[in-house]
Engineer: 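This structure is in structure tokens; I'll ask about it shortly.
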Number of protein chains: 2
Amino acid sequence: MGRRTVTMNDVAREAGVSVMTVSNVLNDRSNVGPETRQHVLEVVDRLGYEVNLTARRLRSGRTGTVGLIVPRFDLHYYGELASLISDALAADRMHLVVEQSGASRERELSALSLARLQQYDGVLLSAVGLDMADLDRIHPDLPIVLLGEQDVPDRYHRVHMRNVPGARLATEHLITRGARRIAVLGGKLTAPRQEMATHRANGWSDALADAGLDPRPDLVIPLQDYSIAEARARITDVLAAGLEIDGVFAVTDEVAIGALAGLHDAGLRVPDDVQLVGFDNLDISAHLTPGLTTIDPDRPTMVAESLRLLRRQLEDKNAAPEHVVGTVSLVIRGSTRN
Amino acid sequence: MGRRTVTMNDVAREAGVSVMTVSNVLNDRSNVGPETRQHVLEVVDRLGYEVNLTARRLRSGRTGTVGLIVPRFDLHYYGELASLISDALAADRMHLVVEQSGASRERELSALSLARLQQYDGVLLSAVGLDMADLDRIHPDLPIVLLGEQDVPDRYHRVHMRNVPGARLATEHLITRGARRIAVLGGKLTAPRQEMATHRANGWSDALADAGLDPRPDLVIPLQDYSIAEARARITDVLAAGLEIDGVFAVTDEVAIGALAGLHDAGLRVPDDVQLVGFDNLDISAHLTPGLTTIDPDRPTMVAESLRLLRRQLEDKNAAPEHVVGTVSLVIRGSTRN
DNA sequence: GTGAAAGCGCTAACAA
DNA sequence: TTGTTAGCGCTTTCAC
């Protein structure tokens with residue numbers, strides 16, 4: 001209980017060797033005799049010694065830990081992302097820890113303080129609230145990979161999704177299947193910065209224009225937090241206000257789930273009365289009724305690429321920044337007609 | 001870019017004061033003259049200094065960070081939990097970081113190594129794969145609160161859910177609404193240790209017995225990872241094998257979502273042919289079609305209590321361990337009949 | 001193959 | 001109000 005923490009010194013004294021030898025044993029360095037190693041390990045075990053990672057880090061700079069910064073823990077997208085990354089890193093014997101920045105700029109900047117970031121060997125940053133200028137202020141001497149949509153300074157390594165083509169694909173599919181009055185739920189035509197909502201609204205708008213349809217502003221239904229509840233409430237509002245639609249492109253699957261509920265509330269059947277397409281291909285989307293037609297951003301590849309970029313920087317501080325663009329594909333399920 | 005990290009020493013030299021004064025300013029200690037403070041802050045700003053948290057931690061032992069260890073990032077339950085905790089901690093100006101232990105004992109033990117835990121001021125541990133003996137080996141001189149079901153050594157502070165009564169409530173509700181052949185999806189009658197699945201199966205079994213119904217073993221459908229996909233596949237299997245049921249108690253809402261899909265696949269209507277109750281009251285559960293009747297574990301209170309126990313230990317290392325038991329309530333929605 | 005010395009960047013304790 | 005000293009526990013460097 002109250003007993004003092006066992007340090008390397010204690011082990012060294014007990015084993016009758018120097019701390020350096022203990023350190024060498026614990027770090028699997030080659031320059032230790034076999035029976036010395038054996039003996040040290042025995043003592044380590046007996047005393048229940050565990051290395052102090054803080055001290056190691058202070059001295060060596062290495063932590064064995066990668067940080068993932070996400071806007072929110074409770075958006076399923078980030079949970080699935082974190083899970084994939086964590087599993088992939090485990091193969092490299094590294095640990096993932098996840099922090100939530102909150103979607104607000106203030107909390108994001110705080111999570112992003114150099115002080116916090118420097119605790120990691122590398123950082124995967126999925127930041128939504130920051131603009132170029134913010135990112136430009138961060139000058140961590142530390143590997144970072146940006147995951148996401150926004151424009152970022154060229155010096156950043158970055159993996160991003162093909163948002164506009166993905167949204168276009170979704171919308172074209174709705175048009176192909178006969179929808180003509182297609183709303184974009186969660187889209188934004190204008191915003192202070194380009195972001196997921198504007199990119200995906202642009203793809204929607206492009207597809208409509210190509211098909212000779214009018215991307216009317218009243219078909220663009222912006223959201224704040226992209227939660228299921230918000231999406232359901234907003235679509236209920238616009239339907240009650242008399243908006244007539246036969247298709248919905250929801251900017252995320254989570255938004256689509258809300259739309260599904262809201263449409264059902266209004267007595268509209270999916271896909272018979274209104275067809276619906278999402279974006280993200282969450283695990284759950286295959287298991288809704290009806291199954292959700294959606295855009296698959298090939299997360300496994302995005303994760304693999306992110307980690308590749310991270311490893312490159314880990315190996316070579318001055319690796320030239322790379323921009324990787326993912327692929328998107330359409331997954332057709334029951335929420336659109338045959 | 002390659003420029004060396006700015007240290008407190010640099011700031012001190014540049015400002016013409018000692019490092020202690022810089023430290024005092026940055027920690028808002030009262031013993032600094034106003035114009036000295038002002039000047040130091042200016043220099044800090046000009047040089048872009050940020051404190052090295054690793055060094056601070058090594059010296060002071062405080063980190064300002066709480067760790068939450070969860071089995072998986074991609075189970076919605078933990079995402080919602082993490083989100084609640086993160087927001088609550090922000091009010092105390094503390095940060096939450098989340099680690100995934102993986103449901104396997106090995107990875108759990110690794111995430112739980114003293115070395116890793118000691119990086120935090122306190123740890124909230126939602127461990128599923130550990131037993132008493134494992135937990136007994138952990139002797140961190142560090143505040144821990146266990147969240148969860150299992151029996152734990154008395155010296156631990158702990159918040160747990162009323163699993164058995166909750167499961168009983170769910171099952172009684174099914175019986176009240178007319179179900180008679182009620183399966184427990186994800187339940188286990190026997191297991192090496194008491195765990196969520198056994199507790200909830202016990203509540204199910206108790207309720208059946210009380211009602212004079214037979215808790216037949218073939219009504220207990222165990223699961224491995226409690227994913228939506230697995231739940232859907234398993235219920236499809238047992239239905240195909242000829243199991244006749246008119247009610248399902250799913251041990252989690254996530255499992256219930258899979259059950260909903262599987263029942264639909266089999267051409268069974270919910271709640272007309274088969275009634276369904278979950279457990280957890282996830283955000284999404286209100287937005288399914290039909291809405292999911294479920295057990296609400298009052299997560300906000302559980303989170304508040306967990307943080308209270310943590311703060312108690314932070315303030316007094318020797319605070320007597322407390323066991324807090326949450327309350328459960330039934331939330332009735334469309335997946336059970338009226 | 002092993003060990004002694006130095007110091008990573010900060011803060012606790014005490015002195016001035 | 002400010003500064004000096006010591007040292008958190010480890011790893012780097014270099015000597016033996």
Side-chain angles (χ1 to χ4, degrees), chain A residues 4-41 43-44 47-65 113-119 121 140-142, chain B residues 4-41 43-44 47-65 113-119 121 140-142:
Chain A
R4 207 174 56 68
T5 310
V6 181
T7 74
M8 212 176 244
N9 229 312
D10 301 328
V11 176
R13 192 175 327 109
E14 180 78 12
V17 297
S18 75
V19 283
M20 250 345 277
T21 299
V22 179
S23 174
N24 286 332
V25 168
L26 292 176
N27 289 284
D28 265 332
R29 301 200 186 89
S30 50
N31 50 353
V32 185
E35 67 289 337
T36 311
R37 150 167 283 120
Q38 185 60 32
H39 179 222
V40 167
L41 288 176
V43 174
V44 161
L47 299 189
Y49 168 77
E50 298 220 36
V51 69
N52 180 325
L53 290 178
T54 303
R56 169 183 287 177
R57 171 179 310 176
L58 179 60
R59 185 65 244 235
S60 75
R62 276 298 160 100
T63 76
T65 304
S113 75
L114 238 185
R116 295 200 63 74
L117 294 186
Q118 265 168 349
Q119 307 194 99
D121 282 348
D141 214 8
L142 156 149
Chain B
R4 208 173 55 67
T5 310
V6 180
T7 76
M8 212 178 244
N9 228 312
D10 301 329
V11 176
R13 193 174 329 109
E14 178 78 13
V17 299
S18 76
V19 284
M20 244 353 266
T21 299
V22 179
S23 174
N24 286 332
V25 168
L26 292 176
N27 289 284
D28 267 331
R29 302 202 184 88
S30 50
N31 50 354
V32 185
E35 66 291 335
T36 309
R37 152 168 280 119
Q38 183 62 32
H39 179 221
V40 167
L41 287 176
V43 175
V44 162
L47 299 189
Y49 170 78
E50 298 219 38
V51 68
N52 180 326
L53 290 177
T54 303
R56 170 182 287 176
R57 173 179 309 175
L58 180 60
R59 183 66 244 234
S60 75
R62 276 297 158 100
T63 76
T65 304
S113 74
L114 238 186
R116 295 200 63 74
L117 294 185
Q118 265 168 348
Q119 308 193 97
D121 282 350
D141 213 8
L142 154 151

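Chain naming here is simple, since letters A, B, ... match the order of the sequence lines and numbering starts at 1 in each.
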Engineer: Is any side-chain N or O of Ser23(A) closer than 4.0 Å to OP1 or OP2 of dT11(D)?
Structural biologist: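 Indeed, a polar side-chain atom of Ser23(A) lies that close.
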
Engineer: How many whole angstroms separate atom CG of Asn9(B) from atom C1' of dC10(C)?
Structural biologist: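 Going from Asn9(B) (CG) to dC10(C) (C1'), I get 10 Å.
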
Engineer: Looking only at side-chain atoms of Val51(B), point me to the closest of dT2(D), dC10(C), dT11(D).
Structural biologist: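 Nearest to the side chain of Val51(B) among the choices is dC10(C).
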
Engineer: Does Gln119(B) form a side chain to side chain contact (heavy atoms under 4.5 Å, CB included) with Arg57(A)? I'd like the steps, not just the answer.
Structural biologist: CA-CA 11 Å; Gln119(B) 308 193 97; Arg57(A) 171 179 310 176; 2.7 Å; yes

Engineer: Measure from CG on Asn24(A) to P on dT13(D) and round the result to the nearest Å.
Structural biologist: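 After rounding, the gap between these two atoms is 13 Å.
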
Engineer: Closer than 4.0 Å, any side-chain N/O of Arg29(B) to the OP1 or OP2 of dA12(C)?
Structural biologist: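 Yes, Arg29(B) has a side-chain N/O under 4.0 Å of OP1/OP2 on dA12(C).
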
Engineer: The test is side chain to side chain contact (heavy atoms under 4.5 Å, CB included); show your working for Met8(A) and Arg56(A) and say whether it passes.
Structural biologist: CA-CA 11 Å; Met8(A) 212 176 244; Arg56(A) 169 183 287 177; 6.0 Å; no

Engineer: From C-beta outward on Arg59(B), which listed nucleotide comes closest to its side chain: dG9(D), dT2(D), dG9(C)?
Structural biologist: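 For Arg59(B), the side-chain atoms sit closest to dG9(C).
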
Engineer: For the pair made of CZ in Arg62(A) and P in dT12(D), what is the distance, rounded to whole Å?
Structural biologist: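 The answer, rounded to whole Å, is 11 Å.
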
Engineer: For a quick test of reading the model: is some side-chain N or O of Thr36(A) closer than 4.0 Å to OP1 or OP2 of dT2(C)?
Structural biologist: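 True: Thr36(A) side-chain N/O within range (under 4.0 Å) of dT2(C) OP1/OP2.
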
Engineer: Round to a whole Å and report the spacing from CG of Asn31(B) to C1' of dT2(D).
Structural biologist: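 Going from CG in Asn31(B) over to C1' in dT2(D) covers 8 Å.
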
Engineer: Of all the choices, dT2(C), dC8(C), dT2(D), which nucleotide is nearest to the side chain of Thr21(B) once you look at every atom?
Structural biologist: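 The answer is dT2(D), which lies nearest to the side chain.
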
Engineer: Closest to the Met8(A) side chain: dT11(D), dA12(C), dT2(D)?
Structural biologist: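 In terms of side-chain proximity for Met8(A), the closest of dT11(D), dA12(C), dT2(D) is dT11(D).
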
Engineer: Taking the nucleotide of DNA chain D with the closest heavy atom to each, which residue, Val32(B) or Ala55(A), is nearer the 5' end?
Structural biologist: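 Its nearest nucleotide lies further toward 5', so the answer is Val32(B).
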
Engineer: Under 4.0 Å from OP1 or OP2 of dC8(C): is there any side-chain N or O of Asn52(B) that close?
Structural biologist: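 False: Asn52(B) side-chain N/O out of range (4.0 Å or more) of dC8(C) OP1/OP2.
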
Engineer: Please check this pair: side chain of Asp121(A) against backbone of Thr63(A), looking for a donor-acceptor N/O pair closer than 3.5 Å.
Structural biologist: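 Present.
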
Engineer: Taking the side chain as everything from C-beta on, heavy atoms only, tell me whether Glu50(B) gets closer than 4.5 Å to Leu26(B).
Structural biologist: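 No - every pair of side-chain heavy atoms lies 4.5 Å or more apart.
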
Engineer: Atom CD of Gln119(A) and atom C1' of dC8(C): how far apart are they, to the nearest Å?
Structural biologist: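 My rounded result for the distance is 15 Å.
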
Engineer: Given dT11(C), is OP1 or OP2 found less than 4.0 Å from the side-chain N or O atoms of Ser60(B)?
Structural biologist: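 No, Ser60(B) has no side-chain N/O under 4.0 Å of OP1/OP2 on dT11(C).
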
Engineer: Is any side-chain heavy atom of Asn31(A) less than 4.5 Å from a side-chain heavy atom of Asn24(A)?
Structural biologist: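 Side chain of Asn31(A) against side chain of Asn24(A), heavy atoms only: contact under 4.5 Å found.
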
Engineer: Looking only at side-chain atoms of Met20(B), point me to the closest of dA4(C), dG3(D), dT2(D).
Structural biologist: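 Between dA4(C), dG3(D), dT2(D), the one nearest the side chain of Met20(B) would be dG3(D).
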
Engineer: Quickly work out the Leu58(B) CG to dT11(D) P distance and round it to whole Å.
Structural biologist: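 One finds 12 Å between P of dT11(D) and CG of Leu58(B), rounded.
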
Engineer: dG3(D) P sits how many Å from Arg13(B) CZ, rounded?
Structural biologist: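 In whole Å, dG3(D) P lies 14 Å from Arg13(B) CZ.
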
Engineer: In whole Å, what is the span from the CD atom of Glu50(B) to the P atom of dC10(C)?
Structural biologist: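 Interatomic distance, CD of Glu50(B) to P of dC10(C): 11 Å.
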
